[in-house]
Amino acid sequence: MTPWRGRVLTLALALGAVACENPTSTLDPAGRDAAEIARLFWWMAAGAAVIWVIVMAGAVYCARARPGASSPRTHAVLIAGLGVTVPSLLLILLLAFALPPLRTVSDAQSTSTLTIAVTGERWWWRVRYEPPGQPAVDLANELRLPVGARVDVHLRSTNVIHSFWVPSLSGKVDMIPGRETRLSLEPLRTGRFQGICAEYCGTAHALMTFDVTVVDRDEFDRWLDQQRDTAVAPADAVAARGHDAFLQSGCGACHTVRGTPAKGTIGPDLTHLGSRQFIGAGTRPMTVDHIAAWIREPRHQKPDARMPPFASLGEADILAIAAYLQGLR
Ligand code: CUA
């Protein structure tokens, strides 16, 4: 195999791998709007390839032609035809392809049955489910969506500009302080995907992701009911010690654990922390050790995290609090 063929093959394989295996791939769409965007991408890519081939053919012809072999009139026709007319026609054609999906993607909240308010914090996601006719449910850094249903997402920020993006499901929309922006999501298949912040927002911008799980309607309803419940009681003596230490150390000034006196709203709601996949907005997998490390020194895991270090609580209490929080399913 010649070197350039090898390179082309490697590039094709790499693109294929990105498309198939990545939970943030726009080329493997799992939502209605993402599918429109992916289709548009392939039309654009094909159009660009056609224009490139035509322009390159013109360039090769010009480079190889003997001086004086063709008349000035031929040159004018080549420039006007291959240089101006053909690319212009192709670009107009692509615009015609691009406009209909644009309308689909921007016409949100038509048939939605559920609203989710997402607020960009430094640097995590405050999430509030607002099902019609039912009490709202607060959680953080996680979205669960019913497959086949259209969901409105209302986006806000209390600090700087973030950008909400679940590449597998839809396009991205900025979260602007003092304004509410909107987006709708309509997942077409079940699975786990990743949401990211797509606007540089500060030191921990890259450590600001969220988990998106698409499930069928029954499983979604069960999950939302379970998230609406107050926190479970500590399951054993270690968790009970953690529960007491959590309340006595003042953690409730910033965090809510529904069903306990902890009612703070500065940090994420921890009522069902243990049921999430990650701690620190996608920073580490949810284990007792990672929760304990977070309590000791959050800024070792996420620079500029607003939570202060609590290593002064002592190892026994830190591990007990971590066990208690991990048990909050
Ligand atoms: Cu939030 Cu980048």
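Both counts, for ligands and for their atoms, begin at 1 and track the order of listing. Residue indices begin at 1 and follow the sequence shown.
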*Asks:* How many degrees, to 10°, between Cys201 SG and Met208 SD as seen from atom 1 (Cu) of ligand 1?
*Replies:*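 That angle works out to 110° after rounding to 10°.
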*Asks:* Roughly how far, to the nearest 0.5 Å, is CG of Leu169 from CZ of Arg32?
*Replies:*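 The distance works out to 13.0 Å.
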*Asks:* When you measure from atom 2 (Cu) of ligand 1 to the N, O or S atoms of His162, does any of those distances fall below 2.8 Å?
*Replies:*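 No, His162 does not qualify, because none of its backbone or side-chain N, O or S atoms lies under 2.8 Å.
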*Asks:* Do we see a donor-acceptor contact under 3.5 Å between the side chains of Arg150 and Ser184?
*Replies:*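 Per modelled atom types, Arg150 and Ser184 side chains form a pair under 3.5 Å.
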*Asks:* Does a salt bridge link Glu219 with Arg217, judged by any charged N lying under 4.0 Å from a carboxylate O?
*Replies:*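 No, this pair does not count.
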*Asks:* Return yes if a side-chain donor-acceptor contact under 3.5 Å exists between His290 and Thr287, otherwise no.
*Replies:*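 There is such a pair (donor and acceptor under 3.5 Å, judged by atom type) between the side chains of His290 and Thr287.
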*Asks:* What is the name of the N/O/S atom of His205 that is nearest to atom 2 (Cu) of ligand 1?
*Replies:*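 Minimum-distance N/O/S atom of His205 relative to atom 2 (Cu) of ligand 1 is ND1.
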*Asks:* Atom 2 (Cu) of ligand 1 is nearest to which N, O or S atom of Glu199?
*Replies:*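 So the atom name we want here is O.
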